[in-house]
Each structure stands twice: as structure tokens, then as C-alpha cells.
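Shown next, in C-alpha cells, is the structure this report addresses.
Each residue takes its place number in the sequence, starting with 1. Keep in mind it's a predicted model, so treat the numbers as computed, not measured.
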Amino acid sequence: RDRGADVTVVCGITQVEPPTGVRVIRVESTQELYDAVTAEAKLADVVIQAAAPADYRFAVRHDQKLKKQDGMPFMVELVENPDIAAAVGSAKRPGQVLVGFAAEHLMENAAKKLQKKNLDMIVANDVSKPGAGFNVDTNIATLLTRQGATECPLQSKAALAQEILNKIDELRHA
């Protein structure tokens with residue numbers, strides 16, 4: 001938005017409200033996130049997928065509380081949620097830039113994810129490092145593209161966001 005783009009934010013419940021001047025689409029489930037992102041991505045020049053959607057959901061949902069069954073075990077079945085990044089990557093248009101994030105098993109997984117999901121960049125951030133990840137204002141990341149990796153040392157999340165946007169600009173004009 002600050003660089004002149006029309007921005008749409010698709011999000012669920014967040015600790016920080018999206019900035020003013022952006023279009024916001026609220027979702028409550030991973031399926032709703034999938035539906036919204038795959039629809040919006042068709043129109044976008046750049047898609048930044050920073051959410052960490054749940055990999056699984058309950059196979060059956062109940063509208064009311066389930067009563068105990070006299071000590072009998074209760075089994076819960078989980079099914080896979082759709083892979084949002086893979087769906088967006090499979091529908092990628094020429095010239096479109098897709099960015100994903102990885103926070104687990106960093107570099108080995110990030111390189112695989114870049115290829116498998118047809119992304120242009122992965123922001124790999126080790127959330128286990130001090131000063132990185134959730135509930136702090138700083139982060140440490142590696143920006144991985146098909147051309148190589150750029151290390152981003154501990155810095156404010158706002159500064160890291162600018163580095164990510166600069167790299168996206170490079171990718172768009174390469």
C-alpha cells in the first residue's frame with residue numbers, strides 16, 4: 001500500500017489489525033482461506049502467503065456439545081486441508097510473483113517447497129531463534145529464490161518487510 005499497490009489482505013483472527021487503506025477479507029477456517037486466496041490470486045500480480053494454515057481439520061463437525069459416553073473412548077478423525085500455496089502455484093500466470101513462508105526444517109524444506117509449489121521466493125524464518133518469530137517485533141530470515149539466498153539478520157519486522165518487497169520488485173523486473 002505504501003508503495004502504491006492496491007492491496008487485499010485475507011486473514012482470520014489476528015493480534016494486529018490490517019492497515020487502513022487495504023481491502024480486507026475475513027475468514028474463519030482453512031477452507032474459507034483456501035477459497036478466498038485462490039479466488040483473489042487469479043487477479044493479483046503478487047501473492048504473499050504469510051499465513052500458517054492448519055494442515056488438518058476435523059472430518060466431522062458437531063453443532064452442539066457431545067455428551068460423555070460412560071467412560072467409553074471418543075475417537076476423532078482428522079482429514080487434510082487443501083494446500084493453498086500449491087493450488088495458487090498450479091494456477092500461476094506468466095509474470096505473477098508468488099511468495100511463501102517456511103518456519104520449520106528451514107533450508108531443506110524451503111528449497112523443496114519453492115519447486116513443488118511453483119513459488120518465486122520463500123521467506124525462511126527460524127522461529128526458534130531468540131528475537132525471531134511470533135509475539136516479537138523482530139525477525140531473522142533467509143530469502144530463497146531460484147537465483148540464490150539472501151540472509152537477513154536480526155532486524156525489525158518492518159525492515160524485513162521492506163527487504164522482502166525489494167526482492168519482489170527485483171523478481172518482477174528480472
Cluster check Ile140, Phe134: I/L/V/M/F/W/Y, side chain < 4.5 angstrom
no
Taking the side chain as every heavy atom from C-beta outward, state whether Met121 and Glu170 have any atom pair closer than 4.5 Å.
no
For Ala87 and Thr38, work out which heavy atoms get closest and say how close.
CB-CG2, 3.9 Å
Taking the side chain from Asn125 and the backbone from Val127, do they hold a donor-acceptor pair closer than 3.5 Å?
no
Could you measure the distance from the OG1 atom of Thr150 to the CG atom of Leu144? Nearest 0.5 Å is fine.
9.0 Å
Between Thr20 and Arg1, is any pair of side-chain heavy atoms under 4.5 Å apart?
yes
Of all heavy-atom pairs between Asp83 and Ala86, which one has the smallest distance, and what is that distance?
OD1-N, 2.9 Å
For residues Leu160 and Ala141, report the shortest heavy-atom separation together with the two atoms involved.
CD2-CB, 3.9 Å
Just by modelled atom types, is the Leu119 backbone N or O under 3.5 Å from a matching donor or acceptor in the Arg146 side chain?
yes
Lys117 side chain near Leu98 side chain, heavy-atom distance below 4.5 Å:
no
Start with the C-alpha gap between Asn135 and Gln15, add the side-chain angles, then the distance that decides, and say whether side-chain contact (heavy atoms from CB on, under 4.5 Å) holds.
CA-CA 9 Å; Asn135 299 320; Gln15 291 180 342; 3.1 Å; yes
Do the side chains of Val27 and Leu43 join up, straight or via other hydrophobic residues, at under 4.5 Å, putting them in one cluster?
no
Taking the side chain as C-beta and beyond, is there a heavy-atom pair between Val24 and Cys11 under 4.5 Å?
yes
If hydrophobic clusters are built by linking Ile, Leu, Val, Met, Phe, Trp and Tyr wherever their side-chain heavy atoms come under 4.5 Å apart, do Leu66 and Met72 end up in the same one?
no
Ile168 side chain reached by Ile48 side chain, heavy atoms, under 4.5 Å
yes
Measure from the side-chain N and O atoms of Lys113 to the backbone N and O of Phe101, and report whether any donor-acceptor pair falls under 3.5 Å.
yes
Are Val9 and Val47 connected in the hydrophobic side-chain network, where two residues link if heavy atoms are under 4.5 Å apart?
no
Do the non-hydrogen side-chain atoms of Arg3 and Asn166 ever get within less than 4.5 Å of each other?
yes
Let's go through Val79 and Arg57 carefully: what are the C-alpha distance in whole Å and the side-chain angles of both, what is the deciding distance for side-chain contact (heavy atoms from CB on, under 4.5 Å) to 0.1 Å, and is it a yes or a no?
CA-CA 6 Å; Val79 295; Arg57 69 181 183 277; 3.8 Å; yes
Return yes if some donor-acceptor pair links the side-chain N/O of Gln96 with the main-chain N/O of Ala44 below 3.5 Å, else return no.
yes
Under 4.5 Å between side-chain heavy atoms, hopping through other hydrophobics if needed: is there a path connecting Val99 to Val7?
no
Quick one, Tyr56 and Glu80 - any side-chain contact, counting heavy atoms below 4.5 Å?
yes
Shortest non-hydrogen contact from Ile84 to Thr30?
CD1-O, 4.1 Å
Just checking, is any N or O donor in the side chain of Thr145 or Gln147 under 3.5 Å from an acceptor N or O on the other one?
yes
Determine whether Asp45 and Arg93 make a side-chain contact, defined as any pair of heavy atoms from C-beta on separated by less than 4.5 Å.
yes
Between Arg26 and Glu17, does at least one N-O distance fall below 4.0 Å, as a salt bridge requires?
yes
